[in-house]
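One structure below.
The structure presented is a predicted model; accordingly, all values stated were derived computationally and were not measured.
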Amino acid sequence: MKLMVLLCDRAWNVVRVLRDDFATGLAAGASLADVVLPDEARELRAAQNLESGQPLVCPLTLPGQASAMPAFAVSFHEHFLVIASHLDEPGDLSTLAHQVREWLAWAEDNLPLPYQDGYYRIQRMNNRLLNAERALVKKSSQLERMLEEVRKANNVVALLERDRLTGLYSSAGFMNHARIATQALPGDRYDVMVFAIVGLRQVRELFGNHTADDVVRAVALFAGELPSAQRVMLARIDSEVFYALAPSDLQFSQTLQQRLNAYLSDYPLPATLHAVVGVCAGNAKESPVEEACNRARMAFDQACASKTDIAFYDQALLRATLREHRIIDAVPQALAQGQFRMYLQSKVDMRTGEVVGAEALVRWVHPKFGLISPADFVPLLEKHDRIWDVDRFIWEQACKMQQQRRCRGLRTLPISVNVARGDFYKPQLCDELCGLRDGYGLEKGDVRLEVIERAYARDSEALSKTLSRLRDAGFILEMDDFGTGESTLAMLSDMPIDVLKLDRSFVARGLEDRRRRVVVANIVRMANELGMTVIAEGVETPEQERYLLELGCTYAQGFLYAKPQPADYFLELE
């Protein structure tokens with residue numbers, strides 16, 4: 001691949017040759033308007049087009065070259081950036097795209113901007129908004145026709161079959177018409193797609209329902225104008241989720257995912273929007289379309305969980321889904337038969353080695369499969385909102401343990417129990433925890449509550465009132481996994497937190513690194529100034545312990561001191 005990159009002024013005079021793989025001999029002062037640009041690019045309207053924010057694309061004949069090559073120019077305040085290329089093989093296309101991004105980034109960083117960078121970026125955003133509005137105006141006639149059909153529906157059934165915001169089918173209308181459509185398809189084979197606009201909820205919160213509805217309408221129109229879309233049945237299921245039914249031969253899912261994400265990435269809003277698609281191939285003779293829709297939804301959930309843009313329903317996904325449901329369905333019986341056990345891992349004062357508390361952990365001892373790791377079942381129970389019964393079991397086991405220690409005259413060692421994110425949406429949470437603690441005759445500090453950082457970060461406003469109520473009831477609150485990437489300093493100042501548990505990744509990555517030590521030292525100092533205690537998780541070596549003590553952290557938890565042990569071991573600990 002060869003590349004030519006030129007910086008020109010507004011009159012198309014070369015200001016600087018940034019790259020010349022063609023050895024053309026062009027130098028500063030040369031005029032592209034008189035030498036190499038085609039006639040249609042010489043006119044003033046070329047510059048006017050560039051002012052609108054749209055790059056000028058044209059053939060460019062360089063000195064010494066027999067034929068033209070594709071080139072485009074991008075407008076900046078006082079300059080044009082001109083990029084021409086010759087591709088030797090198809091694989092060069094991705095390299096060219098990378099080079100273009102780098103040169104555009106260089107230009108934005110180095111070229112003078114009017115009234116500072118912020119003004120220029122605002123102007124570019126305004127241009128994008130104006131272009132988007134013009135595009136929507138052009139498409140509005142189509143939308144009006146669709147909505148007019150809804151308004152003219154001659155009966156209630158027909159009215160309910162349409163989504164009033166987009167004019168697409170509603171869920172009921174889609175199912176009714178999809179059953180008929182699949183029977184008439186050649187070969188009986190079709191694809192069902194479930195796709196959603198990720199980020200739309202944030203748009204609704206930040207910019208209001210009107211702006212979010214504009215996004216939904218724009219996506220509906222865009223999807224309806226994709227290639228071969230006239231053979232595709234589209235529906236809007238809820239605020240951000242759509243269905244699509246297409247003949248398998250169209251291979252519509254890839255087109256939908258790629259083009260819709262390209263469209264959303266350039267949508268004129270200061271928000272990150274992208275589409276996630278789940279796909280299931282169906283056969284009208286073998287299974288009803290409702291089943292294909294359910295499986296497409298499973299593929300969609302899998303795409304969301306794995307943070308990919310598209311996922312396909314297949315046998316592997318079926319096996320994983322069946323396994324999930326076997327685990328979930330087995331939980332009630334496992335609780336009744338005592339298969340769940342409480343394990344405890346000690347927390348220590350690193351200065352003295354003294355045990356100062358413990359964290360309660362759940363283990364599943366299955367009569368057939370043996371010890372099942374929490375990583376294999378806890379996320380599934382949280383995902384399907386079935387974690388409450390298991391959490392409550394551990395809460396009660398911790399209270400029983402503390403009661404037994406008191407009866408034996410042993411010193412109080414606080415036990416921290418985990419409270420899952422979904423538990424906070426249970427209205428009975430506070431009463432349940434207070435009832436267990438008071439029912440076993442415990443002091444207020446005997447049981448502490450751990451909440452993972454993600455719960456704070458994602459639902460801080462919703463959790464704040466519940467956490468404050470729990471703290472007022474005497475519970476000490478611990479933030480688990482602190483520093484995993486979703487925390488904010490504002491959250492620490494606003495939430496009623498007593499203890500920060502430093503995520504094990506800080507220790508595992510090596511505290512010998514100076515930058516990481518600075519981060520940990522500042523977290524410890526900040527926590528102390530806010531009246532919080534810091535506990536480091538995952539300490540496994542004396543060197544890690546030494547570094548943490550030097551950084552001001554005095555409490556830790558990890559295999560260096562104790563692995564998770566059955567509850568009976570802790571009962572004997574003095």
Side-chain angles (χ1 to χ4, degrees), residues 157-158 160-163 166-198 219-220 223-238 240-261 275-330 380 383-386:
V157 174
L160 293 176
E161 285 186 340
R162 292 286 182 174
D163 171 53
T166 64
L168 302 179
Y169 283 116
S170 64
S171 177
F174 178 83
M175 290 301 177
N176 291 336
H177 290 270
R179 295 188 193 100
I180 300 171
T182 53
Q183 298 298 326
L185 288 173
D188 302 313
R189 296 189 178 277
Y190 59 89
D191 292 330
V192 171
M193 287 137 276
V194 174
F195 62 100
I197 312 166
V198 178
V219 167
E225 293 184 348
L226 288 172
S228 303
Q230 66 273 13
R231 298 176 60 194
V232 178
M233 185 181 299
L234 292 167
R236 178 176 177 244
I237 304 306
D238 58 32
E240 62 196 50
V241 179
F242 297 80
Y243 279 5
L245 173 72
S248 293
D249 64 291
L250 287 183
Q251 298 183 338
F252 186 72
S253 58
Q254 295 285 356
T255 300
L256 175 68
Q257 182 264 321
Q258 293 171 4
R259 298 203 178 189
L260 186 54
N261 272 323
V276 175
V277 184
V279 188
C280 176
N283 188 313
K285 291 183 178 179
E286 296 177 0
S287 58
V289 70
E290 291 89 348
E291 183 176 297
C293 289
N294 290 335
R295 291 177 173 178
R297 191 63 183 251
M298 290 163 55
F300 170 81
D301 291 340
Q302 177 65 24
C304 293
S306 58
K307 297 183 179 179
T308 58
D309 288 339
I310 189 167
F312 295 84
Y313 179 88
D314 55 18
Q315 289 301 310
L317 181 56
L318 174 61
R319 288 192 296 270
T321 303
L322 292 175
R323 177 179 173 275
E324 284 188 14
H325 285 285
R326 281 197 297 268
I327 291 175
I328 293 168
D329 294 342
L380 295 181
K383 173 183 173 182
H384 294 276
D385 195 24
R386 300 287 292 275

Work out which heavy atom in [X] is nearest to a heavy atom in [Y]; give both atom names and the distance.
X      : Y      : answer
Val276 : Cys304 : CG1-SG, 3.9 Å
Ala181 : Met233 : CB-CE, 3.8 Å
Asp314 : Leu317 : OD1-N, 2.9 Å
Phe195 : Val219 : CE1-CG1, 4.4 Å
Ala303 : Val277 : CB-O, 4.1 Å
Cys280 : Ala292 : CB-O, 3.5 Å

So how far is it from [X] [atom1] to [Y] [atom2], rounded to the nearest 0.5 Å?
X      : Y      : atom1 : atom2 : answer
Arg297 : Tyr243 : CZ    : OH    : 5.5 Å
Ile310 : Leu256 : CD1   : CG    : 7.5 Å
Asn294 : Tyr313 : CG    : OH    : 10.0 Å
Asp238 : Ser170 : CG    : OG    : 12.0 Å
Arg319 : Leu322 : CZ    : CG    : 9.5 Å
Gln302 : Arg295 : CD    : CZ    : 15.5 Å

Problem set entry | Non-hydrogen side-chain atoms of Leu234 and Phe242 separated by less than 4.5 Å | no
Exercise. If we only count heavy atoms from C-beta on, is the Leu245 to Phe174 side-chain gap below 4.5 Å?
Worked result: yes
For this session: Measure the acute angle between the ring planes of His325 and His384, then classify it against the limits of 30° and 60° as parallel, tilted or perpendicular.
Result: tilted
Problem set entry | Enclosure of Gln315 CD (heavy-atom neighbours >12, cutoff 6.0 Å) | no
For this session: Inspect the surroundings of CD in Glu290 and state if more than 12 heavy atoms from other residues, nucleotides or ligands are less than 6.0 Å away.
Result: yes
For this session: Test the Arg162-Tyr169 pair against the cation-pi criterion, namely NZ or CZ under 6.0 angstrom from the six-membered ring centroid and within 45° of the ring axis.
Result: yes
